[in-house]
Amino acid sequence: MGMDIHLQAGELAGWLNDAALPLWRQKGFDGEGGGGFVETIDMKGEPTRADRRSRVQPRQVYCFAAAGRRGWNGDWRTAAEGGLLYFDRVYGQPGGFYGALANADGKLIDASFDLYNQAFALLAFAHLAEVLPERGAEMVGRSDKLRRRLETRCKHPLAGFEEDEPPRLPLGSNPHMHLFEACLASEEAEGFDRVAWANLADEIAHLAMDRFIDAGSGALREFFDHDWAPFPGEKGRIVEPGHHFEWAWLLLRWAERRGNAQAIVEARRLFDIGEKYGTCPERDVIVMTLLDDFSVADPTARLWPQTEWLKAAIRFAALTEGAEKERYLASAGRAMGALQRFLDVPVRGLWRDKQKADGTFVEEPAPASTFYHILCAIYELEDCLKRM
């Protein structure tokens, strides 16, 4: 098992450095058309003219900044800096937030506010600061300003954030998950306001443990009423296995920094639910959606939950011993197998996004938004294997 996992990790690293990063740098960054990252690349390896969600821009900035930090020898800098310029120019709003959607020509077609998109801007700022020290002070300033604006615009009276101002329902756990990730990156970044970011991270961690996670079942819900109670009806019953792994991974990172034992207990339970109820036994992949009784609501398997399964499993393996470690290593191996099936496409460096219940994949272009999940999983795998 041990050797096998290092072998698989090496294969994934080769795929990333030799195929995916060069392809998404060359075809996925629109250097000619005024910069910016494309939304999708088709299965022949050509960029499409699909509308561009704003979240894709900072996510791809993160990818190239992280690759630069890891010593990838391609031109990561042009993509990272050009992507941020484009993100500011196309999506930046007078109030300091970012809009939601533009067309391929860089014309904004939906200026609306989404907490989720702001969270990714914060993640990009933290990673750019780390890899471009000469822009560190600028990134600190941008980050502080955006955090304060969020606190002014949509701070929730109990904890966390509203979806918008004026408030709209349901409230969501998912934007908070990405804010939490941005906080963890920001509190570690050189020159950032460690106390402010750590405080916000702590607030979100406790909100997750107190409200997002059901005290009885240990399941993490997606949608909430204004008092952070489960949203009425079917919507309030939705739980996503992929997010169970993603929250588990984030809570583990937070718990290790803070010495918080309760968060490790919660993370372990989230992982177990994700693995036990989220796995399709026939396909050995993680499905999209369950209800709060753990019945399957959507058997589609998307690529990104497989990466989150891998990230959580390998981090648990790095933090445990003996039989428990072996169990998590075996789980990580299965997650890598699941991920590899999505990467098995004619043009190396692309991926499938959706596998149907019958095991066939949806024929569609590869979405750029997934790159952040894959790259992060491969780097986490490398780091955790080093720790072992």
Side-chain angles (χ1 to χ4, degrees), residues 12-91 98-109 116-117 120-121 123-124 127-128 131-132 302-304 306-307 339 342-354 361-379:
L12 282 171
W15 173 89
L16 177 64
N17 292 315
D18 307 337
L21 280 163
L23 176 66
W24 288 90
R25 171 66 188 82
Q26 192 199 344
K27 300 287 189 174
F29 179 69
D30 186 7
E32 307 301 298
F37 295 103
V38 303
E39 180 73 18
T40 54
I41 294 180
D42 69 26
M43 282 295 141
K44 294 191 186 73
E46 292 304 321
T48 73
R49 304 253 321 141
D51 290 343
R52 300 176 179 184
R53 293 173 296 164
S54 77
R55 66 192 57 178
V56 167
Q57 305 303 319
R59 279 163 87 135
Q60 295 291 74
V61 167
Y62 154 83
C63 287
F64 285 98
R69 203 172 160 196
R70 293 275 175 155
W72 179 62
N73 57 17
D75 177 17
W76 56 269
R77 185 185 294 253
T78 305
E81 295 199 277
L84 182 65
L85 263 173
Y86 178 88
F87 184 52
D88 287 335
R89 187 181 82 238
V90 172
Y91 301 91
Y98 292 93
L101 189 70
N103 67 19
D105 294 318
K107 181 179 179 299
L108 195 67
I109 49 183
Y116 185 105
N117 295 330
F120 277 104
L123 185 71
H127 282 273
L128 279 173
V131 77
L132 299 170
R302 290 189 60 194
L303 189 159
W304 69 262
Q306 322 312 318
T307 66
L339 172 58
F342 285 82
L343 304 183
D344 182 14
V345 292
V347 176
R348 189 165 178 248
L350 297 177
W351 44 80
R352 305 279 184 201
D353 183 47
K354 300 178 195 77
F361 290 95
V362 175
E363 284 298 328
E364 61 185 340
S369 54
T370 314
F371 200 20
Y372 138 89
H373 289 280
I374 303 172
L375 175 133
C376 183
I378 292 171
Y379 290 161

Point-to-point distance, once rounded to the nearest 0.5 Å, from [atom1] of [X] to [atom2] of [Y]:
X: Leu12; Y: Asn17; atom1: CG; atom2: CG; result: 11.0 Å
X: Arg348; Y: Asp18; atom1: CZ; atom2: CG; result: 6.0 Å
X: Ile109; Y: Asn103; atom1: CD1; atom2: CG; result: 5.5 Å

Residues forming a salt bridge (charged side-chain N to carboxylate O under 4.0 Å, His left out) with Arg70, sequence neighbours excluded: Glu382, Asp383
With Arg77 via salt bridge (charged side-chain N to carboxylate O under 4.0 Å, His left out) - residues at least two apart: Glu134
Just so I know, are the side chains of Tyr379 and Leu16 near enough to count as touching, which here means a heavy-atom distance under 4.5 Å? yes
Min side-chain heavy-atom separation Thr307-Leu339 under 4.5 Å: yes
Nearest non-hydrogen partners of [X] and [Y], listed with the distance:
X: Leu343; Y: Ile374; answer: CD2-CD1, 4.2 Å
X: Ala104; Y: Ala50; answer: CB-O, 4.1 Å
X: Val347; Y: Met43; answer: CG2-O, 3.3 Å
X: Phe342; Y: Asp353; answer: CE2-O, 3.8 Å
X: Ala368; Y: Val38; answer: CB-O, 3.4 Å
X: Ile41; Y: Leu350; answer: CG2-CD2, 3.7 Å

Side-chain ([X]) to main-chain ([Y]) donor-acceptor, under 3.5 angstrom:
X: Thr370; Y: Trp304; value: no
X: Asp88; Y: Tyr91; value: no
X: Glu39; Y: Arg53; value: yes
X: Arg25; Y: Asp75; value: yes

side-chain hydrogen bond (donor to acceptor under 3.5 Å, both in side chains), paired with His373, selected from Arg302, Arg59, Gln306: Arg59
Arg49/Asp105 ion pair, N-O < 4.0 Å: yes
Could you name each residue pair satisfying ring pair (Phe, Tyr, Trp, His ring centres under 6.0 Å) that touches residues 36-62, not counting sequence neighbours? Phe29-Phe37, Phe37-Phe64, Tyr62-His127, Tyr62-Tyr372
Might you work through the side chain to side chain contact (heavy atoms under 4.5 Å, CB included) test for Phe371 and Leu21, ending with a clear yes or no? CA-CA 9 Å; Phe371 200 20; Leu21 280 163; 3.7 Å; yes
Is there a side chain to side chain contact (heavy atoms under 4.5 Å, CB included) between Val362 and Arg352? Walk through the geometry before answering. CA-CA 7 Å; Val362 175; Arg352 305 279 184 201; over 6 Å; no
For Trp351 and Trp15, take the angle between the two ring planes, folded into 0 to 90°, and tell me which bin it lands in: parallel under 30, tilted 30 to 60, perpendicular over 60. tilted
Passes side chain to side chain contact (heavy atoms under 4.5 Å, CB included), Trp76 versus Val131? Steps please. CA-CA 10 Å; Trp76 56 269; Val131 77; 3.6 Å; yes
